[in-house]
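Heads up: the structure comes next, in C-alpha cells.
Counting convention: from 1, in listed order, for ligands and their atoms alike. Computed from a predicted structure; not experimentally measured.
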Amino acid sequence: MKNQRIQIEIKGLVQGIGFRPYIYQLAKELNLTGWVKNNSSGVLIEAQGEKINELLKNLSHNPPKLSHIEFINTVNINKKAKEKKFVILKSDVGNISTKISPDIGICDHCLYELFDPNSRFYHYPFINCTHCGPRFSITQNLPYDRSQTSMDDFKLCETCQKEYNDPDNRRYHAQAISCSSCGPCLSMPLEEIVSLLAEGKILAVKGMTGYQLICDAHNEKTVLELRRRKNRLAKPFAVMVLDLNHASFFAESNPLANNLLSDWTRPIVLLPKKENILNPIIAPKLNKLGIMLPSTALHYLILDGVLKYQKKISALIVTSANLSGEPLVSEDESAEEKLKDSADHIISYNRKIIMRSDDSVLHIINKKPCFIRRARGFAPNSIRLPYSIPSTLALGAYLKNTFCITRGQEAFISQHLGDLKTASSIDFFHDTLDYYLNYLNTKPERIACDLHPDFYNSHFAERFSKKHTIPIIKVQHHHAHIAAVAAEYAINEPSIGLALDGYGYGNDGSAWGGELFLYQNNGCERLAHLQPLPQPGNDKATKQTWRMAVSMLYQLGYTPNALKHFNNKTEINLVFNLLQKNKNISKTSSCGRLFDAASALLDVCLESQYEGQAAMELESLVTEIQVLKNSWVIENDTLNLLPLFKYLLNCNTAIGSNIFHGSLAAALADWANHYAKKLNTKIILISGGCFLNKILTESFIEFSTKLGLEVYYPQALPPNDGSISFGQAWLAGNRERI
Ligand code: ZN
Ligand code: ZN
Ligand code: FE
C-alpha cells in the first residue's frame, strides 16, 4: 500500500463525544502520523501512512457510538518528511458552525467505576468521561472546551489533569472531568438523602438538567402529599428504577422497550403497567406507566442507597420540580424561594446548569419508538431537511412550545419549553432562543408563527420581524402539523394530510382539530373536516368534558335525561338551554372534543384535571377494538360520526371504549381513502395530539394499510404541538413569494 497524506474534513455531531481520542487511537493502531483537531465546522484531520484507507473505512463503518457524521471530505495533500507521531492539536476558535452534543446518560465504564471501591471515582456523583455526562446543560458556546462550560469554575487536580492529558486514557480531553477532590460536590451527604427518602420526605434534588422532586413511589401518604403540593391531582407520575430487571417488575417489557430504557438518552418510556404492583395513585385509571432508568451517577447512587435501605425492589417518583404550568427550576439562587413549598429539603451542588431540559418521554407505536416529549438527550440535535431552505426561525405553538431554527439543510428544534402562559415560561422561551441564535451563529432570513393573532409568540414574531426587517409568515396550526411529517419523510408528491388534535386556530378563525388536507407543493388545502360540534361554554368545555356529552346529546335530538350517570343535573340543564338558544357556543371540528364526549358519555371521565385525561382513561379501557358497521357517514366535506355516538349512548363502558376506538379508526381510514382515491394518491400523512393515542394510531395504520394506503407518522418529533415549529419552518422556508 502506498504511503500518502490526506486531509479529512468532518462535519456533524463530532465534538464533545470522544471523537478526537477515537481518531488518535485508531491512527496509533494503524501506524499513521499527523494530527486531529476540533475546528469551527467539526473535526479536521491530517493523516499520513500506508493504512489511510483503513482509517477511512473505520470512520464510515464504525464511528464513535455517539457521533453523527453528516459530511466527510477527503483531499490528498503533500507528505511531511519529519513527522514521527500522531497528535491531538488545540481547537481553533472562529466562525462556529458545528454542534453541541445533547446530555449523555452515564456509560457502562463509569457506572462500573462508580460502584468499584478501588476506583478513585467510587461513589462520586459527578463521574463522567468522553463517552458520557453533561454536555448541552453545561455548555455556554462552541467549540466544546472546558473554558466554555460551567466546569470552568473547577480547577483540575493533578490526577485529573494527568488523565485529561493522557491520550490513552478514557478521560483524555473529557471536558467535564472531575473527582471528589477537585469537582462539584453535593450539598448533603448521600446517606442523609437516602434516609430522608426512606422516611417519606419529598426532596428537591438538582439533577443534570434541572431540579427534580424525588420521593418514594411506594409511600402513599408521600405521593398524595406530592400531588397536593404540586397541584397535580391526577396527572400520572413517572418512576425511576435501578435497572431493566426492576423495570420489568413494574411494567411489561420487551427487547425494544429495554433498548429504549437503557439507551444513553435515558428517556421515560411509557409501557403497559403491571397490575397491583405499584399504588394506583401513581398513574390513576391508566394502564400504562412511565418508567426510566437513572441517567446520572447521582441518581444511581440514590436508588442504590434506597434499595439497600429498604431491602426490596424500589421505585422513586422523579418529576420536574415546578408548579404545574411553570418551567423547570435550574438556578440555585431562586431554587430556595421557588421550591420551599413543594420540597421538604433542597439538595444542590455547586455546578451551574446553563441550559435546562425536562426528561424526554417516548412510547412505542407499531414497534417503533415515538416521541411524546422531546427534550433531554435529544436537544439540541438537528433534524435533516429534505433540502436547504433560507434560514428560518419558527416560533411554534402556544402550548407545548418549541421553536425551530433552520441552517441550510438542518433544522434545530429546541427542547420542549412548555406552555407560554406564565412570565417564567416566557423567560425560559427567551433564554433558550437567545442561546440557540447565539451558538448556531445564524441570522434568520424569515420568521414564522401561528396564525392566531393573540399568542405571545405571534406578537413576538411581529416585533422580531420589524426589528430585523425580515418577512413574517403566519402558518395555520394544522398545516404545520402535516408539513412536519412531510419534511421528516421528504415527501413532495401530492398526499392526504390528516390532522387530529384539540385545538388550532383555523383559516376562518374558528376552532379546528379534525382536518383533512391535500398536501402538495409545500402547502395545504383543506378538503374536509370532522362535522363541527357546538362547544357549550367555549373553553370551559375542554375541562368539563361532560359539556361535550351534552352537546352530543343535543345534536342527536335527545333530552338531558338520557345522561343517567350525570349528577350535576342543574348545570346540565343550563348547558342544554345554552345549546337550544345557541348562546355562548362556539363550533369546533376538534377530534379531541370527540374523545371528551365519548369519555363522558361512557362515564369514564366527566371532568379533566389534565390535558388528554378523558382520552387517556378511555384508551386504557380498550381490550379489543370493535368496528361498528354504518356508524359514520362521509358527507360533502365532513365526516359525520353521530351514528357512532348514538350507539354509544346505550353501551356499557367496556364495550363502548372498544367500539369507539375501532369505529373511529375505521371511519378515519375510510375517509382518508375516499379522498386519496379521488386525488389519485396513496400517501397519508398523519399528525396532531390525538395520535398520541396508541390504539387509535395503530388501528388507523392497520385499516389504512389494508386499503392500500401508505401512512407516515411523526417519529423524529412528537405528533403533538411540539412539532409545530418544525412544520412552520418548512412551510415558511419554502414560500416563494413573501
Ligand atoms: Zn463514562
Ligand atoms: Zn480531580
Ligand atoms: Fe396541535
| query | Going by atom types only, do D263 and T265 share a side-chain donor-acceptor pair under 3.5 Å? | reply | yes
| field | Aromatic ring pairing H452/F455, orientation class (parallel under 30°, perpendicular over 60°, tilted between) | value | parallel
| said: Does either side chain, that of Y124 or that of S178, offer a donor lying less than 3.5 Å from an acceptor on the other one? | reply: yes
| message | Looking at R171 and E113, is there a salt bridge between them, counting it only when a charged N and a carboxylate O are closer than 4.0 Å? | response | yes
| query | Got a second to check how far F700's CZ is from I684's CD1, nearest 0.5 Å? | reply | 6.0 Å
| field | Atoms of type N/O/S from protein, distance to the Fe ion (ligand 3) below 2.8 Å | value | 4
| task | Determine how many protein N/O/S atoms sit closer than 2.8 Å to the Zn ion (ligand 2), leaving waters out since they are not shown. | result | 4
| field | Plane angle bin for F19 and Y22 - parallel if under 30°, tilted between 30 and 60°, otherwise perpendicular | value | tilted
| note | Exactly one of L685, I686, L717 clears side-chain contact (heavy atoms from CB on, under 4.5 Å) with V485, and that residue is L685
| Any salt bridge (charged side-chain N to carboxylate O under 4.0 Å, His left out) pairs touching residues 684-696, not counting sequence neighbours? | K694-E698
| Geometric class of the H173/Y164 ring pair [parallel <30°, tilted 30-60°, perpendicular >60°] | parallel
| Distance criterion under 2.8 Å: protein N/O/S atoms around the Zn ion (ligand 1) | 4
| request: Could you tell me the separation between the CG atom of D637 and the CG atom of L527, rounded to the nearest 0.5 Å? | output: 10.0 Å
| task | In sequence, state the C-alpha distance, the side-chain angles, and the governing distance for R376 and D359, and then conclude on salt bridge (charged side-chain N to carboxylate O under 4.0 Å, His left out). | result | CA-CA 5 Å; R376 176 180 53 74; D359 292 323; 2.9 Å; yes
| message | Tell me whether H459 at atom NE2 has more than 12 heavy atoms from other residues, nucleotides or ligands lying less than 6.0 Å away. | response | yes
| request: Using the six-membered ring wherever Trp is involved, compare the ring planes of F595 and F660 and label them parallel, tilted or perpendicular (cut-offs 30° and 60°). | output: perpendicular
